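Read the structure below first, then the notes.
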Amino acid sequence: MNIVLVGPPGAGKGTQAESIIETYKIPQIATGDMFREAVSQETELGKKAKEFMNAGKLVPDEVTIGIVRERLSKPDCENGFLLDGFPRTIVQAEALEDIMKDLNKDIEAVVNISVPDEIIVRRIVGRRLCKNCNLVYHVEFNPPKQDGVCDKCSKNLIQRADDQEDTAVNRLNVYATETNPVLDFYAKKGVLINIDGNRARSVVWEDIKKALDKYDRN
Ligand code: ADP
Ligand code: ADP
Ligand code: ZN
């Protein structure tokens with residue numbers, strides 16, 4: 001199954017991705033995680049991405065499209081993949097069509113998680129992340145068993161540099177102008193699935209699972 005997850009920052013994409021990849025055994029391709037990894041390793045890609053990320057802006061399309069094309073061509077994507085946080089612009093969505101054509105594949109479903117802006121800001125400022133396994137926590141809504149420590153690998157949790165209130169507001173504005181048109185793009189293709197993300201994690205997951213089960217070929 002070839003699936004895309006879209007939704008504003010903090011909507012719960014990474015959180016729901018945890019259930020999706022575990023249930024359907026497909027790799028998660030999260031451009032934000034790939035960029036954060038590159039920034040922390042101080043690679044060329046990381047140097048290109050860092051200033052945009054910290055300002056709450058999008059990394060330029062040509063950079064982002066390049067890393068996604070390369071990643072989707074790897075053998076572990078053969079039986080499906082979950083794109084998380086890509087495409088975020090129309091240019092990226094069109095590039096993804098080309099990549100799919102070259103790989104002889106199709107995007108089967110685009111899951112759009114929506115949450116009101118004021119809830120989102122609370123989710124973003126309380127978000128904590130395990131840098132080791134990319135699991136997502138929230139100090140209030142999804143706390144780890146032990147304060148500041150990952151349940152799975154026991155490493156210390158971090159707060160993302162861009163998870164501040166002012167940057168969060170920038171990112172919401174960028175989403176409204178750059179990414180909203182992507183939703184129309186997929187609605188016209190008939191693959192958009194709208195999910196109300198302003199409910200408990202498990203309830204959101206039930207809805208997503210109901211919608212995605214029919215694409216599971218395993
Ligand atoms: P969130 O979890 O808040 O939705 P991500 O972890 O997906 O955020 O992305 C963090 C940052 O990485 C973005 O604000 C942006 O700077 C960069 N980024 C991630 N995905 C993309 C993309 N598809 N296009 C451009 N920039 C991206
Ligand atoms: P995204 O990947 O879309 O940016 P995340 O999955 O990282 O979003 O979630 C953002 C924050 O909100 C995290 O701290 C996460 O624990 C929390 N969160 C995710 N889903 C829910 C939910 N259904 N209810 C409350 N908090 C949630
Ligand atoms: Zn961990």
Side-chain angles (χ1 to χ4, degrees), residues 4-20 28-39 45-46 48-68 71 82-93 95-96 111-115 119-144 148-164 167-168 170-175 178-179 182 195-208:
V4 170
L5 262 184
V6 290
K13 299 182 295 298
T15 301
Q16 296 300 327
E18 290 170 11
S19 303
I20 295 173
Q28 174 188 7
I29 299 167
T31 40
D33 288 345
M34 291 162 87
F35 286 137
R36 274 186 292 283
E37 175 76 20
V39 169
L45 174 67
K48 279 183 204 157
K50 189 174 179 176
E51 55 181 306
F52 295 102
M53 295 175 79
N54 286 347
K57 293 181 181 164
L58 294 180
V59 177
D61 283 331
E62 59 274 18
V63 176
T64 310
I65 291 164
I67 64 163
V68 171
R71 183 65 188 84
L82 174 69
L83 271 171
D84 166 2
F86 181 96
R88 270 172 145 101
T89 66
I90 286 288
V91 172
Q92 291 178 13
L96 182 58
V111 176
N112 170 34
I113 306 179
S114 36
V115 174
I119 307 277
I120 279 193
V121 175
R122 287 179 60 198
R123 285 191 185 184
I124 288 179
V125 296
R127 169 159 54 190
R128 298 294 181 273
L129 197 72
C130 176
K131 247 179 126 176
N132 185 44
C133 48
N134 287 322
L135 286 183
V136 194
Y137 298 86
H138 191 283
V139 288
E140 209 182 324
F141 308 139
N142 181 28
V149 177
C150 179
D151 291 347
K152 190 175 165 201
C153 75
S154 301
K155 292 258 161 43
N156 287 338
L157 302 182
I158 57 142
Q159 182 170 28
R160 281 169 46 174
D162 57 345
D163 277 350
Q164 306 297 330
T167 320
N170 278 351
R171 283 151 67 203
L172 284 171
N173 289 333
V174 169
Y175 188 86
E178 301 281 337
T179 313
V182 173
I195 301 283
D196 173 4
N198 190 18
R199 297 171 298 165
R201 173 186 184 157
S202 58
V203 180
V204 176
W205 166 236
E206 259 174 55
D207 266 15
I208 294 178

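As the structure lists them, so they are numbered: ligands from 1, and atoms in each ligand from 1. As the structure is a computational prediction, the values presented were derived from the model and not from experiment. Along the sequence shown, residues are numbered consecutively beginning with 1.
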Going by an N to O cut-off under 4.0 Å, is there a salt bridge joining D163 and R171?
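Judged by the 4.0 Å cut-off on N to carboxylate O distance, D163 and R171 do form a salt bridge.
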N-O pairing of R199 and E206 below 4.0 Å:
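Not counted as a salt bridge, because no side-chain N and carboxylate O are separated by less than 4.0 Å.
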Which atoms from ligand 1 have a heavy atom of [X] less than 4.0 Å away?
X: Q92; value: 22 (C), 23 (N), 24 (N), 25 (C)
X: K13; value: 4 (O)
X: P9; value: 1 (P), 3 (O), 4 (O)

Can you list the atoms of ligand 2 that are under 4.0 Å from a heavy atom of [X]?
X: P8; result: 3 (O)
X: H138; result: 14 (O), 16 (O)
X: G14; result: 1 (P), 2 (O), 6 (O)
X: F141; result: 25 (C), 26 (N)

Nitrogen or oxygen of L58 less than 3.5 angstrom from that of ligand 1:
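By distance alone, the answer is no.
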Is G85 in polar range of ligand 1, meaning some N or O pair under 3.5 Å apart?
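Checking ligand 1 against G85, an N or O pair does fall under 3.5 Å apart.
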Side chain or backbone of T64 under 4.0 Å from ligand 1, or both, or neither, by non-hydrogen atoms?
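Under 4.0 Å from ligand 1, T64 contributes side-chain atoms alone.
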Nearest heavy-atom neighbours spanning Q28 and A17
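Distance-wise, the nearest heavy atoms are NE2-CB, 3.5 Å.
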Has ligand 2 got any nitrogen or oxygen that is less than 3.5 angstrom from a nitrogen or oxygen of [X]?
X: V136; answer: no
X: G10; answer: yes
X: Y137; answer: yes

Spacing of [atom1] belonging to [X] relative to [atom2] belonging to [Y], to within rounding of 0.5 Å:
X: T89; Y: I65; atom1: OG1; atom2: CD1; value: 6.0 Å
X: I67; Y: M34; atom1: CD1; atom2: CE; value: 4.0 Å
X: I120; Y: S114; atom1: CD1; atom2: OG; value: 9.0 Å
X: D61; Y: I90; atom1: CG; atom2: CD1; value: 10.5 Å

Check: [Y] main-chain N/O paired with [X] side-chain donor or acceptor under 3.5 Å:
X: T31; Y: G85; result: yes
X: E37; Y: K131; result: no
X: K13; Y: G7; result: yes

If you take the nearest heavy atom of each of R88, R36, R160, K57, which one is closest to atom 16 (O) of ligand 1?
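The residue whose heavy atom sits nearest atom 16 (O) of ligand 1 is K57.
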Could you work out, for atom 18 (N) of ligand 2, the closest of R122, R201, R123, Q16 by heavy-atom distance?
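When every heavy atom of R122, R201, R123, Q16 is considered, R123 comes closest to atom 18 (N) of ligand 2.
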With a heavy-atom distance limit of 4.0 Å, tell me whether A200 approaches ligand 2 through its side chain, its backbone, both, or neither.
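A200 to ligand 2: backbone contact only, side chain stays beyond 4.0 Å.
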Of the protein's non-hydrogen atoms, which lies at the shortest distance from [atom], and what is that distance?
atom: atom 20 (N) of ligand 1; answer: T31 OG1, 2.8 Å
atom: atom 3 (O) of ligand 1; answer: R171 NH2, 2.5 Å
atom: atom 27 (C) of ligand 1; answer: F35 CE1, 3.7 Å
atom: atom 19 (C) of ligand 2; answer: T15 OG1, 3.3 Å
atom: atom 26 (N) of ligand 1; answer: V59 N, 3.0 Å
atom: atom 8 (O) of ligand 2; answer: G12 N, 3.1 Å
atom: atom 12 (O) of ligand 1; answer: M53 CE, 3.5 Å
atom: atom 23 (N) of ligand 2; answer: R199 O, 2.8 Å

Sub-4.0 Å heavy-atom contact, G7 with ligand 2:
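For ligand 2, residue contact (heavy atoms, under 4.0 Å) with G7 is absent.
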Passing option when I113 is tested against D196, I208, V6 for side-chain contact (heavy atoms from CB on, under 4.5 Å):
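So, applying the side-chain contact (heavy atoms from CB on, under 4.5 Å) to I113 and each of D196, I208, V6, only I208 qualifies.
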Just to confirm my numbers, could you give the angle made at the Zn ion (ligand 3) by SG of C130 and SG of C153, rounded to 10°?
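Angle SG(C130)-the Zn ion (ligand 3)-SG(C153): 100°, rounded to 10°.
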With rounding to 10 degrees, what does the angle C150:SG / the Zn ion (ligand 3) / C133:SG come to?
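The angle at the Zn ion (ligand 3) comes to 110°, rounded to the nearest 10°.
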Any side-chain heavy-atom pair from [X] and [Y] closer than 4.5 angstrom?
X: R36; Y: M53; value: yes
X: V139; Y: R128; value: yes
X: R127; Y: V136; value: yes
X: L96; Y: F86; value: yes

Tell me whether ligand 1 is touched by R127 - counting only heavy atoms on the residue side and a distance under 4.0 Å.
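The answer is yes: ligand 1 sits under 4.0 Å from a heavy atom of R127.
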Give a yes or no on whether R122 atom CZ has more than 12 heavy-atom contacts from other residues, nucleotides or ligands under 6.0 Å away.
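Not more than 12 within 6.0 Å, no.
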